[in-house]
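Have a look at the structure below before the remarks.
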Amino acid sequence: MTVTLADILAARRIISGVADHTPLVPSPFMSGKTGAEFLLKLENMQPIGAFKLRGALNAVAHLPDGARGVACCSTGNHGRGVAYAARQRGLRAVICMSELVPAPKVAGIRALGAEVRIVGRSQDDAQVECDRLVAEDGLVEISPFDDAHVIAGQGTIGLELLTARPDLETLLIPLSGGGLAAGIAVAARAIKPSIRLVGITMDRGAAMHASIAAGHPVDVDEVPSLADSLGGGIGLQNRHSFALCRDLLDETCLVSEAEIYHAMQALYYEDRIIAEGSCVVGLAAVLSGRIAPTGPTATILTGRNLDMEMFTRIVTGQDIELGAHIVKGQPYGP
Ligand SMILES: *Cc1c(COP(=O)(O)O)cnc(C)c1O
């Protein structure tokens, strides 16, 4: 096992006071729907608006002596987390991204004091620049999910969940590269072996789900999704997150864009929470009947960094265009 409970306990000390211990609140609406107590872990309340600060802080704290700074490829929350963690330690941070990234995301990362390099038209082009910075400028790359320190940092969420509520029976975990699910699973399995752990993702371009099914990391086509923070591959040379997710999750579950759309509306109208499509997948899985929770259940509201124009269209029931795919608009009804 590449990450242990001891690593996560150590990470908790390192990140404490910066990445906040977030609230775990009941959702009366979801509890009413399922008949089981349903809880929301509010990682959307972190200072950068997403849980990724946990892993970034832990990784930056473990940089090798003499590191001149950090680099990463990220279009969103990981870039924000790395920028924040590096600034806190007075380190240089360079975030590489492609020309396709929307301007507000670039501005958000620059506002945290990081350098932004915009290169080419794909994540692969951005990766070439990141590799160059590592080779020529002596920066250390921090992977968004396939890094033992990042995984241990995200695992502190699992510690907080089971410390607050040892009676939890099911965790519904948004799943992309699997750093979040791997970390939470290491902590939760160690503390409560019988707990049910479900990784949830969208049914279009679900790289970890396809990789677990194939028995090894595979590439999938990346397509636009309402759950934009769940896009992207897991890396064909994956070292940590694939094996941990394969070995520790009980199952993975896929939800459709229409189900994500409805869950974003439900969270907003019923619980009055604004959250990214990526973090309502747990609610979507339950509301669509794909997962039937028994006993106390929690999901992680992973982030709040969404495009407000798109969000407004969703809560007012309008169509959403995702490339060639149209998510048909529908006014909210429970
Ligand atoms: C990164 C991210 C995820 C998925 O985390 P992984 O570790 O890549 O599985 C989920 N939600 C949000 C908001 C994220 O930024």
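Atoms within each ligand, like the ligands themselves, are counted from 1 in listed order.
Aromatic ring pairs are classed by plane angle as parallel below 30°, tilted from 30° to 60° and perpendicular above 60°; the pair Y269 and Y332 is parallel.
A salt bridge does not link R304 to E43: none of the charged side-chain nitrogens sits closer than 4.0 Å to a carboxylate oxygen. The pair K105-D228 counts as a salt bridge, with a side-chain nitrogen and a carboxylate oxygen less than 4.0 angstrom apart. Between R189 and D250 there is a salt bridge, since at least one side-chain N of the basic residue sits less than 4.0 Å from a carboxylate O of the acidic one. With respect to the salt-bridge test (charged N to carboxylate O, under 4.0 angstrom), the residues E321 and R313 do not qualify.
Annotation for ligand 1: atoms under 4.0 Å from non-hydrogen atoms of G179 are 6 (P), 7 (O), 9 (O). Shown in contact with E276 at under 4.0 Å from a heavy atom are these atoms of ligand 1, numbered in order with element: 13 (C). Atoms of ligand 1 lying under 4.0 Å from any heavy atom of S229, numbered from 1 in the order shown and given with element: 2 (C), 12 (C), 13 (C), 14 (C), 15 (O).
In this structure, atom 10 (C) of ligand 1 lies nearest to the protein heavy atom L230 CD2, 3.4 Å. Among all non-hydrogen protein atoms, the one lying nearest atom 11 (N) of ligand 1 is T302 OG1, 2.8 Å. Looking only at heavy atoms of the protein, atom 5 (O) of ligand 1 is closest to F51 CZ, 3.5 Å. Counting protein heavy atoms only, atom 6 (P) of ligand 1 is closest to G178 N, 3.5 Å. Of the protein's heavy atoms, K52 NZ, 2.9 Å lies nearest to atom 14 (C) of ligand 1.
In this structure, of A182, G177, S143, the residue bringing a heavy atom nearest to atom 8 (O) of ligand 1 is G177.
Between P144 and ligand 1, a contact under 3.5 Å exists for no N or O pair.
Residue T312 comes nearest to T316 through the heavy atom pair O-OG1, 2.6 Å, listed as atom of the first residue, atom of the second, then distance.
Looking at S176 against ligand 1, both its backbone and its side chain come within 4.0 Å, counting heavy atoms. For N77, every heavy-atom contact with ligand 1 shorter than 4.0 Å involves the side chain, none the backbone.
Distance CE/M45 to CD1/I273: 8.5 Å, rounded to 0.5 Å.
The local environment of CZ in R165 is crowded, with over 12 non-hydrogen atoms from other residues, nucleotides or ligands closer than 6.0 Å.
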